[in-house]
Novice: 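Structure provided below as structure tokens; questions to follow.
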Amino acid sequence: MSISLTRYLVEQQRAKGRIPSELRLLLEVVARACKSISHAVNKGALGDVLGTAGSENVQGEVQKKLDIIANDVLIEANEWGGHLAAMASEEMDSIHIVPNRYPQGEYLLMFDPLDGSSNIDVNVSIGTIFSVLKKVDPSKGVSEEDFLQPGTQQVAAGYCVYGPQTTLVLTVGDGVSMFTLDREQGSFVLTQENVKIPADTKEFAINMSNMRHWDEPVKRYIDECLQGEEGPRGKNFNMRWIASMVADVHRILTRGGVFMYPWDKREPGKPGKLRLMYEANPMSWLVEQAGGASTNGHQRILDIQPTQLHERVSVILGSKNEVERVTSYHAKA
Ligand code: AHG
Ligand code: MN
Ligand code: MN
């Protein structure tokens with residue numbers, strides 16, 4: 001018997017009281033938006049969704065048409081339901097408060113509408129990443145301040161990967177579940193529960209072209225992996241780098257591994273490339289919920305107190321023993 005996302009959420013709510021109805025509605029709406037983005041992605045050139053939009057986002061990155069399409073789909077889907085107070089996105093300068101014509105709820109939704117933008121035009125897996133928080137003070141109006149909560153405060157997080165299959169991966173703090181989009185039925189169907197990342201791995205993911213810019217602890221770790229059987233690790237490592245965090249994290253949730261986008265000397269003033277609120281926090285929570293670990297080399301990512309909406313962070317996540325090893329190299333340095 002197949003279990004749809006709707007049924008899964010209803011049963012979770014009934015059995016564990018984990019998902020209040022407003023949050024359930026929110027998750028259903030996000031899933032529906034992801035379904036619609038998945039259709040746009042699949043149309044590709046036929047839907048005129050490839051190529052650049054001719055604009056830049058607040059972080060100075062060139063926006064692809066699909067970055068904007070995905071952002072608009074998520075905003076439109078989520079603003080009228082009454083479950084949200086505001087949204088924040090990698091592609092918008094400031095927060096999007098639910099317009100006055102709709103009721104305001106107490107949840108806050110953050111997203112990277114389209115992750116892996118450089119892969120859109122070359123037909124490689126991309127995705128959507130999302131994170132949900134609750135307004136701290138429901139009696140007050142919503143502001144950017146409300147979003148500046150550490151990742152430990154997330155009430156739901158997930159991503160949808162648009163690859164050979166469209167898969168939605170979700171946590172509400174009770175483990176990680178995966179749902180595959182059934183295109184005939186038009187619904188997400190539960191295909192894996194209790195996802196677990198093995199503590200050990202022989203696979204790492206990092207953009208090796210940045211090697212000369214890395215810090216010593218990262219150099220040391222990768223160098224030891226590269227020495228293989230003859231080196232201090234006594235085993236051969238394999239490397240993967242998809243350049244879509246969603247796809248790299250999905251592989252790690254499926255078969256283990258370690259993913260790193262560390263700080264590097266290219267832009268020493270920036271703590272890293274990836275964004276804390278839209279990428280690092282949701283992925284870190286999913287990884288921890290699956291038994292893995294996630295740090296910035298010095299501290300658990302979920303414990304970081306954000307000071308800015310578009311804050312960046314160094315990311316090391318995946319199989320627990322490897323993440324602990326890289327983190328310990330930072331402590332010794
Ligand atoms: P986005 O497309 O949302 O800007 O994110 C891309 C991110 C992440 O998905 C990926 O791991 C990384 O950037 C790839 O960066 P490089 O091109 O520097 O390898
Ligand atoms: Mn991204
Ligand atoms: Mn993006």
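Just so it is clear, the values below take in all heavy atoms, side chains as well, and ignore hydrogens, waters and symmetry mates.
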Novice: Working note: Leu168 + Leu181, criterion side chain to side chain contact (heavy atoms under 4.5 Å, CB included); need CA distance, chi angles, decisive distance, verdict.
Specialist: CA-CA 8 Å; Leu168 183 81; Leu181 180 61; over 6 Å; no
Novice: With sequence neighbours excluded, tell me which residues meet side-chain contact (heavy atoms from CB on, under 4.5 Å) with Pro217.
Specialist: Asp215, Tyr329, His330, Ala333
Novice: Do Glu106 and Lys135 sit within salt-bridge range, that is, some charged N less than 4.0 Å from a carboxylate O?
Specialist: no
Novice: What do the steps show when you test Asp223 against Arg220 for salt bridge (Lys or Arg N to Asp or Glu O under 4.0 Å), and what is the final call?
Specialist: CA-CA 5 Å; Asp223 183 56; Arg220 175 183 168 192; over 6 Å; no
Novice: Determine whether a donor-acceptor pair (N or O, by modelled atom type, separation under 3.5 Å) exists between the side chain of Trp285 and the backbone of Gly151.
Specialist: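 Side chain of Trp285 to backbone of Gly151: no pair is present.
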Novice: Between Asp303 and Arg300, is there a salt bridge with N-O shorter than 4.0 Å?
Specialist: yes
Novice: Should we say atom CD of Gln299 is surrounded by more than 12 heavy atoms from elsewhere, each under 6.0 Å from it?
Specialist: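 Count over threshold, so yes.
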Novice: Pairs in or reaching into residues 234-247: which pass side-chain hydrogen bond (donor to acceptor under 3.5 Å, both in side chains), with residues at least two apart or in two chains?
Specialist: Asn119-Ser244, Glu203-Asn238, Asn238-Arg240
Novice: Taking Glu11 first and then Arg7, would you say they form a salt bridge - that is, a charged N and a carboxylate O separated by under 4.0 Å?
Specialist: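 Between Arg7 and Glu11 there is a salt bridge, with a charged N closer than 4.0 Å to a carboxylate O.
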Novice: Inspect the contact between Asp48 and Lys65 and indicate whether a charged nitrogen and a carboxylate oxygen are less than 4.0 angstrom apart.
Specialist: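 Judged by the 4.0 Å cut-off on N to carboxylate O distance, Lys65 and Asp48 do form a salt bridge.
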Novice: Where the side chain of Gln289 meets the backbone of Ser284, is there a donor-acceptor pair that is under 3.5 Å apart?
Specialist: no
Novice: Applying side-chain contact (heavy atoms from CB on, under 4.5 Å), name anything that partners Gln185, two or more places apart in sequence or on another chain.
Specialist: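 Applying side-chain contact (heavy atoms from CB on, under 4.5 Å) to Gln185 gives Asp182, Ser187.
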Novice: Please report the closest heavy-atom contact between Gln165 and Thr180, naming both atoms and the distance.
Specialist: CB-CG2, 4.3 Å
Novice: Looking at Asn100, I want to see if its CG is surrounded by more than 12 non-hydrogen atoms of other residues, nucleotides or ligands under 6.0 Å.
Specialist: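 Counting other residues, nucleotides and ligands, CG of Asn100 stays at 12 neighbours or fewer.
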Novice: Determine, step by step, whether Leu226 and Met208 satisfy the side chain to side chain contact (heavy atoms under 4.5 Å, CB included) criterion, reporting the C-alpha distance in whole Å, the side-chain angles of both residues, the deciding distance to 0.1 Å, and the verdict.
Specialist: CA-CA 11 Å; Leu226 294 177; Met208 290 287 286; 3.9 Å; yes
Novice: Should Met92 and Leu276 be counted in the same cluster of Ile, Leu, Val, Met, Phe, Trp and Tyr side chains packed under 4.5 Å apart?
Specialist: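 No; tracing contacts between hydrophobic side chains, which count when under 4.5 Å, never links both residues.
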Novice: Taking all non-hydrogen atoms of both residues, which atom of Ile37 and which atom of Pro113 are closest, and how far apart?
Specialist: CD1-O, 4.5 Å
Novice: Go through Lys219 and Glu224 one step at a time and tell me if the salt bridge (Lys or Arg N to Asp or Glu O under 4.0 Å) criterion holds.
Specialist: CA-CA 8 Å; Lys219 272 192 189 145; Glu224 289 179 357; over 6 Å; no
Novice: Among the clusters formed by ILVMFWY side chains lying less than 4.5 Å apart, do Met110 and Ile97 turn up in the same one?
Specialist: yes
Novice: Does the side chain of Arg24 pick up a donor-acceptor pair with the side chain of Gln13 at under 3.5 Å?
Specialist: yes
Novice: Does Val30 belong to the same Ile/Leu/Val/Met/Phe/Trp/Tyr cluster as Val73, with side-chain heavy atoms less than 4.5 Å apart forming each link?
Specialist: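 Val30 and Val73: one cluster.
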Novice: Are the side chains of Val218 and Met211 in touch, meaning some heavy atoms are under 4.5 Å apart?
Specialist: no
Novice: Using a distance-only test with no angle check, is there a side-chain donor-acceptor pair under 3.5 angstrom linking Glu91 and Gln63?
Specialist: yes
Novice: Heavy atoms, side chains only, cut-off 4.5 Å: are Val49 and Val41 in contact?
Specialist: no
Novice: Does a donor on one side chain sit under 3.5 Å from an acceptor on the other, for Ser89 and Asn71?
Specialist: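 There is such a pair between these side chains.
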Novice: At their closest point, which heavy atom of Ile75 faces which heavy atom of His96, and how far apart are they?
Specialist: CG2-NE2, 3.6 Å
Novice: Indicate, with yes or no, if Leu114 and Ile129 share a hydrophobic cluster defined by side-chain heavy-atom contacts under 4.5 Å among Ile, Leu, Val, Met, Phe, Trp and Tyr.
Specialist: no
Novice: Donor-acceptor pair, Asp115 side chain versus Val246 backbone, under 3.5 Å?
Specialist: yes
Novice: Before we go on, tell me: are the rings of Tyr159 and Phe130 under 6.0 Å apart, centre to centre?
Specialist: no
Novice: Flag the pair Arg275 and Asp112 as a salt bridge only when some basic side-chain nitrogen lies within less than 4.0 angstrom of an acidic carboxylate oxygen.
Specialist: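 No, this pair does not count.
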Novice: Any side-chain heavy atom of Lys202 within less than 4.5 Å of one from Phe204?
Specialist: no
Novice: Using modelled atom types and a 3.5 Å cut-off, is there a donor and acceptor pairing between side-chain atoms of Gln149 and backbone atoms of Lys134?
Specialist: yes
Novice: Indicate the atoms forming the closest heavy-atom contact of Val323 with Ile316, along with that distance.
Specialist: CG1-O, 3.7 Å
Novice: Look only at the side chain of Asp264 and the backbone of Trp214, and say whether a donor-acceptor pair between them is shorter than 3.5 Å.
Specialist: no
Novice: State, yes or no, whether a side-chain contact exists between Val169 and Val161 at a heavy-atom distance under 4.5 Å.
Specialist: no
Novice: State, without any angle test, whether Thr167 and Tyr162 hold a side-chain donor-acceptor pair at a distance under 3.5 Å.
Specialist: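 Judged by distance alone, the side chains do not pair up.
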Novice: Does the Ser314 side chain pair with the main chain of Trp263, one donor and one acceptor, at a distance under 3.5 Å?
Specialist: yes
Novice: Group every Ile, Leu, Val, Met, Phe, Trp and Tyr by side-chain heavy-atom contacts under 4.5 Å, then state whether Val98 and Phe147 land in the same group.
Specialist: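 Not linked; separate clusters.
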Novice: Verify, without hydrogens or angle tests, whether Arg312 (side chain) and Lys273 (backbone) share a donor-acceptor contact under 3.5 angstrom.
Specialist: yes
Novice: Is any side-chain heavy atom of Leu50 closer than 4.5 Å to one of Leu66?
Specialist: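 Contact flag for Leu66/Leu50 side chains = no.
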Novice: Between the side chain of Glu311 and the main-chain N/O of Thr307, is any donor-acceptor distance below 3.5 Å?
Specialist: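 Checked: pair present.
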Novice: I need the Met178 CE to Cys160 SG distance, nearest 0.5 Å.
Specialist: 11.5 Å
Novice: Can you find a heavy atom in the side chain of Gln308 that is under 4.5 Å from one in the side chain of Met277?
Specialist: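 When only atoms from C-beta onward are counted, Met277 and Gln308 do not touch, as no gap falls below 4.5 Å.
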Novice: Do other residues, nucleotides or ligands put more than 12 heavy atoms under 6.0 Å from the CG atom of Asn42?
Specialist: yes
Novice: Can you confirm whether Lys265 is buried at NZ, in the sense that more than 12 heavy atoms of other residues, nucleotides or ligands lie under 6.0 Å from that atom?
Specialist: yes
Novice: A quick test of your reading: do over 12 heavy atoms of other residues, nucleotides or ligands sit less than 6.0 Å from NZ of Lys196?
Specialist: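 It does: Lys196 NZ has more than 12 such atoms within range.
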Novice: In terms of side-chain geometry, is the basic nitrogen of Asp67 or Lys64 positioned less than 4.0 Å from the acidic oxygen of its partner?
Specialist: no
Novice: Taking the side chain as C-beta and beyond, is there a heavy-atom pair between Val189 and Tyr8 under 4.5 Å?
Specialist: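 Contact flag for Val189/Tyr8 side chains = no.
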Novice: So, does Ser319 use its side chain to make a donor-acceptor pair with the main chain of Asn321 at under 3.5 Å?
Specialist: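 No.
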Novice: How long is the span from the CG atom in Leu9 to the OG atom in Ser21, to the nearest 0.5 Å?
Specialist: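 Going from CG on Leu9 over to OG on Ser21, the span is 11.5 Å.
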Novice: Nearest 0.5 Å, what's the CD-CG distance between Gln104 and Leu84?
Specialist: 9.5 Å
Novice: Please walk me through it: do Phe188 and Thr166 pass side chain to side chain contact (heavy atoms under 4.5 Å, CB included)?
Specialist: CA-CA 9 Å; Phe188 282 101; Thr166 288; 4.0 Å; yes
Novice: Search all heavy atoms of Ala53 against all heavy atoms of Ile68 and return the closest pair with its distance.
Specialist: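 Scanning both residues completely, I find the closest heavy atoms to be CB-CD1, 3.5 Å.
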Novice: Could you pull out the closest heavy-atom pair between Ile252 and Gly257, with the gap in Å?
Specialist: CG2-O, 3.5 Å
Novice: Does Leu27 reach the side chain of Leu5, with side-chain heavy atoms less than 4.5 Å apart?
Specialist: no
Novice: Are Glu28 and Arg32 close enough for a salt bridge, meaning some N to O gap below 4.0 Å?
Specialist: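 The answer is no: the pair does not qualify as a salt bridge.
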Novice: For side chain to side chain contact (heavy atoms under 4.5 Å, CB included), just list the numbers for Gln59 and Glu90, CA-CA rounded to whole Å, side-chain angles, deciding distance to a tenth of an Å, and then say yes or no.
Specialist: CA-CA 8 Å; Gln59 294 139 90; Glu90 187 180 288; 3.9 Å; yes
